[in-house]
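As structure tokens, the structure follows; a few thoughts come after it.
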Amino acid sequence: MHIERPFVLAPMSGVTDSAFRRMCGLASTDTVGLYVTEFISIEGLTRANMKSAARLAFDASVERPLSVQIFGGEVDRMASAAQIAEEGGAQIVDINCGCPAPKVVKRGGGAELMRQCDTLARLVEKTVNAVKVPVTVKIRSGWGNDSINAVQVAKMCEAAGAQMICVHGRTRLQLYTGLADWGVVSDVAANVKVPVVGSGDVTTAEEAIWRMRMPGVAGVMIGRAAIMNPWIFGQIDDLIQGKPQRTVDGAERLRVLRAFAEMAAERIPAHAIPGRLKQVLARMTKGMEFGSLLRERAMRAHTTEAMFDWIERFFVAADAGELDSWAVGARFDLQNPPPAA
Ligand SMILES: Cc1cc2nc3c(=O)[nH]c(=O)nc-3n(C[C@H](O)[C@H](O)[C@H](O)COP(=O)(O)O)c2cc1C
């Protein structure tokens, strides 16, 4: 399968649901090279668990190509779950070999598979044979510093039929601390023929381009930076096209946030929207002037409309260069909350 643009929205559990993925597509004007779902439990999928099935939901008019990531440690169940994902519309099935969460590794899934190479080989082979779509694998650099085995694992996955390998350059024991080691990404790329996508700490469009130019690296995956900046895929595309990188004003931020809330409302209950909105807003306004004041103010709102009331005023003031006076009002409001009804 051909992926037109080698910049991929990383899978992030609790973040990259369909609404979030579509928000990235909207902000980045359909330049996301590949959308990956949050990881989905093979146990949940094969037992028709509602939460797992809901994670398969996507909008085919935007989220294309779509890779569905599945996790677990049982060989036969992985193959069956891959078939369910394929029937559900996955164009790629990705096997998670990187999740560090104790509840996942204890059951033989995620990063534990990097320590159970025989199981992993059988699991990849059986999954590849069970579906028509390409099967890919996302790994870490290894379990710990003294057991970096990404190259060995990647070669084995390739031999078992995996068509792409994504490497997050941290060990399982590192969790998300320290910096990703892109040397491991290069080592893997030098040792397999299938495309290798690197993941870890790409925060700007310039960095993405720089990483994509590393020898052998076929593409980059962007995770946390896309929460802060869902326009990043468009910005990478701008640079590739030789255009100036798009800038994002307050009106555009407001438009995209509103669209996100509307898309989220299609699939999750109204009372859960403010929570999702807060998660995105917290990252998106990080480092912005008076961003912390907006977060403090908006986080106290209990309804989506009340949140947007503050968000809108903030972004309008930002575009008008009037954030100082906005801040005076926001501080006054915080110190003088309206009496409880
Ligand atoms: C909140 C969160 C959830 C994640 N969930 C997944 C997941 O479901 N599957 C997966 O393979 N990686 C997951 N990751 C790892 C990311 O895909 C990515 O490899 C990692 O965050 C490093 O990239 P970044 O620096 O661009 O965020 C998650 C990361 C975060 C921060």
Side-chain angles (χ1 to χ4, degrees), residues 1-13 15-16 24 28 31-37 39 65 67 69 92 94-100 110-111 113-114 124 134-143 145 147-158 162-230 232-233 235-237 239-240:
M1 141 168 238
H2 176 69
I3 294 168
E4 212 176 305
R5 296 184 182 84
F7 20 101
V8 178
L9 173 59
M12 286 183 287
S13 184
V15 180
T16 54
C24 290
S28 287
T31 54
V32 180
L34 176 68
Y35 297 87
V36 189
T37 65
F39 69 177
S67 168
Q69 191 190 64
I92 292 174
D94 185 58
I95 298 173
N96 178 306
C97 298
C99 179
L113 285 168
M114 293 192 70
V124 173
V135 172
T136 62
V137 180
K138 182 163 180 274
I139 62 177
R140 283 195 174 232
S141 50
W143 184 266
N145 270 339
S147 51
I148 304 283
N149 63 348
V151 170
Q152 180 203 340
V153 169
K155 283 168 86 167
M156 206 201 60
C157 290
E158 178 181 47
Q163 292 193 32
M164 184 172 85
I165 312 280
C166 174
V167 185
H168 175 195
R170 285 187 175 84
T171 64
R172 186 270 166 187
L173 294 180
Q174 250 186 303
L175 303 170
Y176 292 95
T177 62
L179 285 177
D181 179 356
W182 279 73
V184 177
V185 180
S186 287
D187 286 349
V188 172
N191 281 282
V192 295
K193 292 190 186 65
V194 293
V196 172
V197 170
S199 167
D201 309 329
V202 173
T203 57
T204 63
E206 288 87 351
E207 261 177 59
I209 304 267
W210 175 54
R211 291 300 189 194
M212 281 190 278
R213 287 190 182 139
M214 285 175 63
V217 173
V220 291
M221 215 173 222
I222 298 171
R224 289 164 294 181
I227 318 178
M228 209 168 188
N229 177 15
I232 192 166
F233 305 95
Q235 290 169 335
I236 300 170
D237 197 54
L239 292 183
I240 289 174

inquiry  = Between V36 and M221, is the side chain to side chain contact (heavy atoms under 4.5 Å, CB included) condition met? List the steps.
reply    = CA-CA 10 Å; V36 189; M221 215 173 222; 4.2 Å; yes

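- One N or O on the side chain of S28 and one on the backbone of P230 form a donor-acceptor pair closer than 3.5 Å.
- Between atom SG of residue C97 and atom CD1 of residue I165 there is a gap of 8.5 Å, rounded to the nearest 0.5 Å.
- No side-chain donor-acceptor contact under 3.5 Å links R5 to the backbone of V32.
- Residues A208 and I236 come closest through the heavy atom pair CB-CD1, 3.5 Å.
- With sequence neighbours excluded, the residues satisfying side chain to side chain donor-acceptor pair (under 3.5 Å) with Q69 are D94, N96.
- Take V15 and apply the side-chain contact (heavy atoms from CB on, under 4.5 Å) test, not counting sequence neighbours, and it matches M12, F20, I227, Q279.
- For A189, the side-chain contact (heavy atoms from CB on, under 4.5 Å) criterion is met by V196, not counting sequence neighbours.
- Proximity of a side-chain donor or acceptor of S141 to a complementary backbone N or O of T171 within less than 3.5 Å is detected.
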task = Kindly determine whether V153 and V137 satisfy side chain to side chain contact (heavy atoms under 4.5 Å, CB included), including the steps that lead there.
result = CA-CA 10 Å; V153 169; V137 180; 5.8 Å; no

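- From T136, atom OG1 reaches atom CG of L34 across 8.0 Å, with rounding to the nearest 0.5 Å.
- For P6, the side-chain contact (heavy atoms from CB on, under 4.5 Å) criterion is met by M212, not counting sequence neighbours.
- A heavy-atom distance below 4.5 Å is not found between the side chains of N145 and L173.
- A donor-acceptor pair is defined here as one N or O able to donate and one able to accept, closer than 3.5 Å; no such pair exists between the side chain of R140 and the backbone of H168.
- With values rounded to the nearest 0.5 angstrom, I139 atom CD1 is found 4.5 Å from M114 atom CE.
- Annotation: side chain to side chain donor-acceptor pair (under 3.5 Å) contacts involving residues 177-203, sequence neighbours excluded, comprise R170-D201, D201-R224, T203-E207.
- Applying the side-chain contact (heavy atoms from CB on, under 4.5 Å) rule to E206 yields the partners T204, L239, Q245; only residues at least two apart in sequence or on another chain are considered.
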